[in-house]
Amino acid sequence: AIVAGCASSDPAVSANSAANSPANSPAGVGSKPAAVTLVTHNSFSVDPKVLADFEVANNLTVTVLAQDALANQLVLTKDNPLGDVSYGIDNTFASRAVQAGVFSPYTSPLLPMGSDKYAFDADNSLTAVDFGDVCVNVDHAWFSAKGLAEPTSLEDLIKPEYKNLLVGQSAATSSTGLAFLLATIGHSGVDGWQKYWTALKANGIKIEADWESSYNVDFSGSSGKGDRPLVVSYGSSPPAEAPPGAATAPTGIVAGTCFRQVEYVGVLAGAKNPQAAHKVVDFMLSPEFQAGLPQQMYVYPVDKATTLPADWVKFAQAPADTIALDPVLISKDRDVWIQDWSDLVEG
Amino acid sequence: MALRVDGVSVTYGPQVAVDDVTLEVSSGEILALLGPSGCGKSTLLRAIAGLEPVRHGVISYDATDLAAIPLHRRGFGLMFQDGMLFPQQNVGANVGYGLRVAGMNKADQRVRVLELLEVVGLGGFESRQVATLSGGQAQRVALARALAPTPRLMLLDEPLAALDKSLRESLLIDLGSILRTTGTSAIFVTHDQGEAFGIADSVALMNDGRIRQQGAPREVWDNPVDEWVARFVGYTSVLPASLLMPYLSDSELRTSVMQGGDTSQRMALRPNALRPDPAGLINALVQFVTLAPDHALVRVDVRGWGNMTVLVDADSAVAPGEHITLRLDSAGCALIP
Amino acid sequence: MALRVDGVSVTYGPQVAVDDVTLEVSSGEILALLGPSGCGKSTLLRAIAGLEPVRHGVISYDATDLAAIPLHRRGFGLMFQDGMLFPQQNVGANVGYGLRVAGMNKADQRVRVLELLEVVGLGGFESRQVATLSGGQAQRVALARALAPTPRLMLLDEPLAALDKSLRESLLIDLGSILRTTGTSAIFVTHDQGEAFGIADSVALMNDGRIRQQGAPREVWDNPVDEWVARFVGYTSVLPASLLMPYLSDSELRTSVMQGGDTSQRMALRPNALRPDPAGLINALVQFVTLAPDHALVRVDVRGWGNMTVLVDADSAVAPGEHITLRLDSAGCALIP
Amino acid sequence: MNDKPPLRAHPEDRVGKLLRRMGLVLAALIPLGIFAAFFFYPVVALVGRGLVGPGGGGPTGIDLTGFADVVGRPRFFKVAWFTLWQAAVSAGLSVLLGIPGAHLLYRRSFRGRSALRALVTIPFVLPTVVVGLAFRTLFASSGPLGSWGLDGTVWAILLAQVFLNYAVVVRTVGTTWAQLDQRPEEAAQALGASPTRAFLTITLPALGPAIAAAGTLVFLFCATSFGIMVVLGGGKFNSLETEIFRQTTQMLDLRTASVLSIVQILLVGTVLGIAARIRHRTESTLRLQSHVGAKPRVSAADWPVVLVTGVVVALLVAPMVTLLGRSLHTETGWGFGNFDALASTGDSQLLIVSGWTALGNSASAAAIAAALAITLGVLLSMVLARKPRQAAARRSLTVLDGFFMLPLGVSAATVGFGFLIALDKPPLDFRGSALLVPIAQAMVATPLVVRMILPVLRATDDRLRQAAGMLGASPVRVWLTVDLPIMSRALAGATAFAFAVALGEFGATSFVARPERITLPILIGRLISRPGAGNLGMACAAAIILAAVCAGAVFLVDRSVGARRGAAGIGAF
Ligand SMILES: Nc1ncnc2c1ncn2[C@@H]1O[C@H](COP(=O)(O)OP(=O)(O)OP(=O)(O)O)[C@@H](O)[C@H]1O
Ligand SMILES: Nc1ncnc2c1ncn2[C@@H]1O[C@H](COP(=O)(O)OP(=O)(O)OP(=O)(O)O)[C@@H](O)[C@H]1O
Ligand SMILES: Cc1ncc(C[n+]2csc(CCO)c2C)c(N)n1
Ligand SMILES: [Mg+2]
Ligand SMILES: [Mg+2]
């Protein structure tokens, strides 16, 4: 009751609060909007107008709960879930939550719009909404100034000419760090990645615990003007570095190093309002929501038909061949990998 | 009977600070409490105030056991030995504290505060910060603060100790008249026996946690119950009465010594018991002379008696090594039972 | 000349607490500083110790200006009026503080601490927490602490105020002999004129920030320089000398009054200046009697003179309303220049 | 005649006695209840999850094998030891540097003192991630102080922690020091002790409880610091806190996390116990005086203190200047573009609310949290300041004292997760409630309030209270007219501090803040985790705003307390 009460007082999120006139309410539902709670991560963002339209159209009040460490929270609270529907869990953590029985399957009628390509499982426990890549980013200016060719693959990164140029993150504490580890595992195989990392380490990779520090301080292509021209970051980072109106971004991605992260939405088992939860899933696959994803959250919409913003077209073409890893495999071995990685690289 | 302290003991851990004390202060009476440093005077006052838990015994006021009455409802005033002014309030606010608490109206408060400051000789000090007061000024503020709410029983712990003689004398008179006109009972601790004499209706002498003697000042001074009391109230020597008998001129005292009949009876002498007298029968050798503003004390050796102290006029010229003769003046003698 | 205070003033904001004071204390001399509450005694001591900035004037010791010497290097001992014991340290540690600072070895420290505690009558107290001391005990610890490092100049602010008479007397004797055997100069503030008389080589009377008179005790008592000093040292009335002349028997005093020749000359009288005498020529009406342990003060009215105080023996029976005759005793008289 | 009514035992005396007793019990029970509900219960619930049943799942009883497992790992000892020593060294350094600062800022007067006091308080509220980045920027080999070679070393961590906590020492020690009677120190000097020696032997022990309190706080902050450890530790330096975070969020290994949490609580508890002992041993009734005349002005003799403080302030200012530089640096040159961008919800649509709205959220949450923390802290201090005669009662107070410090020593992740699983049912159905943010903030601010007020209350001579009681003041009145004024200075300081803490709180808030009610630190955290100079610039601008608001609040409180000192005493005509 407290949740709903507070939510309805805030126009930014529950735009429907004032719009409960009979004219706006579908017949038979009654004038009072139903409440639905969306549990998501701290980076969740939606155009308030788009959300308001959705609420009015469906006579719903959406309460957004943004939480750190989403996967773990969902698992911990599965007996008395925080809300009805959750967005934001990704393929590195999804299977853990699904196995714990956090989600109740739902097949959206809008699936064919492209989401099926990233389907998590046959039951549709989760529905893919968007994806992004974690890639090595490169500072173009640095390489051209040095007259050195930019690396193009993971293999390049262990070559002597690229010694001491890369900064990454700890797989144990950072999600980009983990994604990059998974990329190397996808590339070198479950047996070969340790050899690759040994070489990477010998070639002077610098590891920070967090993305913020490595990108903002060590990377030469960011405003921090650090001394490393290669950084493990998001595929969507380069547009953010382009000054307004620039024709090219000062940074780019090393296409062969990308690991694809898919973000899902799912209906929480034990939802108080599953119907509304289903509507939220549908909403996230809707063209209106999908179109806002690049601007709002720096990710690619799963719906191929979505038109990307101009600077994305210019700077941030999604790499064609990304490294992918079976979520089930990830879920099974991730902890061991992290442990081994930690022993190998940090220990 | 206003205050009754009945078999009261107060202990600090193993140490007994107040030991089975019984005391009475009747309504309107002023009791002076005297005793050496550390004998338990402050502790007794604190116990009566309700600040120190009583180990044994009962303290009652108007026949009401005080144990059940919280200290702020007792209506007693207590002036601490070291003032304990509220550091964050100025002089006026300190003095007016009890009045504010009692809900007196502002204008009356002001009148009373100014009046009391005038009494203690601190007119014009009301807005001074207490940290800037001299020792004696702070003590006077504490006194004024304790007096302001006209408590039914005042407990004063050396209220005038830090003051010079003339101020002490004038304040003593004011204090006495304030207490008497308001019919306030009081117990006050003092080291100054003149002070005790000056305003007390009754004095209690305390030693080692116990009351050794209580009575009217004259009574106590003239008839100390034991050697300790005698010495404490200013008798400088105690000798077997038999030794002094031959020199006693006063018939009354002679008679009472005779009546006692007891050879172990002793007599206490003040410095004024021995007077230089060319016709005196007591031969003494002057050892040294201590001058005071208006008299001198001469330490003499009397064969068979030992060292004695003799009061002489300030201008009488005696010098160490001189032989003088003395007579015994019964005014300075007291028989110890 | 050990200490020289030369034209020193100390101010607190607009208030002048010490006003152009000049004082001298020669080596080994004990100076008693007397004055009413708030007159600036503690402030003067603090200024000499180096705790209060001097507004004007110079304080020097052995001809060295002290201005540049920080207080801890002056080698002066200071006993604060309210003890200022270190609350975190026990009695022994408090007393031994100055010894530790001076780097004395542990064993010697212990010996000296125990010795001093014995002197102040607190043997066995060395491991007591200071918060558990009685007022007088705390004061004695403070005294022992100040004495321990045998400073070259002791500044004592009412060292014996909180003590009973007999303890005060015995401590005064000990204090005097400690100071004299170590040749220590000292300034001590006291409210007890007997005390000042007892050990001081010299007394200084202070009022309103100024030194009104300095000299040997006898000298000051016998020859007060003005009416204020006279009253402060115990003269109870001041009258035109011409009024008293007829009753003066003492030739010396008569002569000096005559020599003065000045009709505006005044004479100060102590209570012992007027003595009940059946043959006396002064007629007085008894107003009231104040008893003290070994004497009585009688307030009388003498026609033309006003109220006078008369010292009588404790046992002489005079009652208010009675007419008595008095004679003038030159021992209690002083001519004011 | 005396017009007092006859003295009779009233029935209400009994009630009064009962009420007084109960009042104390209530004063203890209210905070106890709130802490139980919003701290202990959630933490126990979460830790319990990790220990009940295999893998923290099933209901098959308590499973303690995790301990052997976790404690058996060599990494465990490394991490535990590092946690302890780095926190101890940071606390030691902060105390060492903070004491001269407290002297200069609270015992001396000079122009701009209030401003300087506010300035040194700023670092405390800066989000740790921002601080971490500022230090890395300074120390990175390409940075202004790169030549010092501190990047990636433990020194960077220690310095950043001192940077954050200098104000804790300065303020906690300073507020006590400001009221300390200097005459015992004078007495020591009169006995031949040099000023240094007098300070070391007399003043320092008198400040002991305050120093111990400050040291304890800094130790706790550093033992549980997360942002600094992550940003500056670079994964090489791991503390129990980062390890717990890693186990809960990356490994989803609740069992290990629980074991680590328990270890953390035990270690922290042990240190708290030791600190409480030190505090107790050094505690004594001090002569505290409010409203003494003006403090002496800085003089030539103060040069060592001025020197040390000058160096420290320079070190404090350097990272702040870095931040300021970043906030003013935009893609189009120098200017206030980042601040303007904050005012809108941003081009990126990243911000659901504008910087100003977030600031408003922060301020209102912090105000509620500060009010709550002050209320609870004062209630607790009243109880803890008592000096009962019975040894048993004294011991239980000591335990209680340590108990309420625990919120500072428990991982924010543990508390945050605990909230989620524990506060999900009526009457504690608080998940997602807007009140949860200030409550969470109050849980960490309350111990701070207690630590700042308690030394002053404990040092107050009981006889002052007794004097008031003898003048007829009821216990409540005694408290209002004696205790309250005496602690007013510390209380004002604590209020400013509690507000600052709440303003800057990130850990627990990040678990419970609702998107539309996000606070400025959360907003900063979000901005900083995005690429692009604009976002970083906006994050720095937001941090500057946070700093300015904090400094402003602290400045105002300091000034208002300072101004009151000159006025006539409380209750004067
Ligand atoms: N810090 C201060 N600020 C302002 N006035 C002060 C301060 N300290 C003392 N005074 C005033 O200066 C005068 C002298 O004070 P001092 O303490 O020297 O007096 P004293 O002679 O020692 O008196 P007492 O015998 O009462 O101790 C007093 O009137 C006192 O009120
Ligand atoms: N808190 C305490 N703990 C232990 N002993 C104490 C405590 N308070 C006082 N005492 C001791 O109890 C005895 C009586 O102390 P009290 O203060 O009553 O003495 P007093 O008669 O007032 O002495 P003074 O004239 O010196 O003030 C003293 O020996 C003192 O040391
Ligand atoms: C090393 C270290 N890290 C963080 C903070 C910031 N901080 C401010 S208040 C508070 C208490 C709980 O939020 C904390 C931890 C600090 N001072 N020291
Ligand atoms: Mg006493
Ligand atoms: Mg004085």
Side-chain angles (χ1 to χ4, degrees), chain C residues 11-13 15 42 45-53 68-90 93-104 129-132 135 141-142 144-157, chain D residues 176 179-212 278-289 291-297 299-302 387 389 455 458-464 466 566:
Chain C
T11 55
Y12 294 115
Q15 197 191 342
S42 301
L45 248 49
R46 289 173 56 82
I48 295 170
L51 293 172
E52 218 62 65
I69 301 178
L71 74 137
H72 68 281
R73 294 223 300 95
R74 295 189 181 188
F76 295 175
L78 172 64
M79 179 184 163
F80 285 83
Q81 190 166 1
D82 36 7
M84 289 293 151
L85 297 181
F86 306 134
Q88 307 84 3
Q89 302 182 359
N90 66 15
N94 262 279
V95 176
Y97 188 89
L99 307 176
R100 284 200 299 287
V101 166
M104 181 186 273
Q129 290 304 314
V130 296
T132 69
V141 173
R145 184 179 72 178
L147 290 172
T150 55
R152 59 175 136 189
L153 172 69
M154 276 298 283
L155 304 165
L156 303 166
D157 202 344
Chain D
T176 306
Q179 297 184 54
L180 206 62
D181 193 341
Q182 78 277 17
R183 282 177 300 171
E185 189 174 312
E186 293 174 351
Q189 291 191 35
L191 288 165
S194 65
T196 313
R197 178 129 189 190
F199 168 75
L200 290 177
T201 52
I202 304 303
T203 307
L204 204 58
L207 293 175
I211 291 173
I278 295 175
R279 277 204 308 276
H280 269 267
R281 257 220 313 276
T282 54
E283 241 154 31
S284 53
T285 300
L286 301 176
R287 288 182 165 260
L288 297 182
Q289 35 181 223
H291 310 275
V292 207
K295 301 280 181 230
R297 298 191 64 82
S299 70
D302 292 319
K387 297 165 190 154
R389 285 169 201 261
R458 284 209 176 125
T460 302
D461 199 321
D462 227 16
R463 285 175 302 168
L464 283 177
Q466 297 172 348

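Every chain is numbered from 1, with letters handed out A, B, ... down the list of sequences. What you are looking at is a predicted structure, and each value in this text was computed from that prediction instead of being measured.
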Task: Pairs of heavy atoms under 4.5 Å with chain D: top-ranked of Arg46(C), Gln89(C), Met79(C) - done: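 Among the listed options, the one with the most contacts to chain D is Arg46(C).
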Compare every heavy atom of [Y] with every heavy atom of [X], then report the nearest pair and how far apart it is.
| X | Y | value |
| --- | --- | --- |
| Leu99(C) | Ala148(C) | CD2-O, 3.5 Å |
| Leu191(D) | Pro149(C) | CD2-CG, 3.9 Å |
| Val130(C) | Asn90(C) | CG1-C, 4.2 Å |
| Ala49(C) | Leu78(C) | CB-CD2, 3.9 Å |

Side chain, backbone, both or neither: which part of [X] has a non-hydrogen atom closer than 4.5 Å to chain D?
| X | result |
| --- | --- |
| Gln129(C) | neither |
| Phe86(C) | side chain |
| Arg73(C) | neither |
| Ala146(C) | backbone |

Open item on the list: Between Arg183(D) and Asp82(C), does any NZ, NE, NH1 or NH2 come within less than 4.0 Å of an OD or OE carboxylate oxygen?
Closed with: yes
TODO: Could you tell me which of Ser194(D), Gly208(D), Ala198(D) has the largest number of non-hydrogen atom pairs under 4.5 Å with chain C?
DONE: Ser194(D)
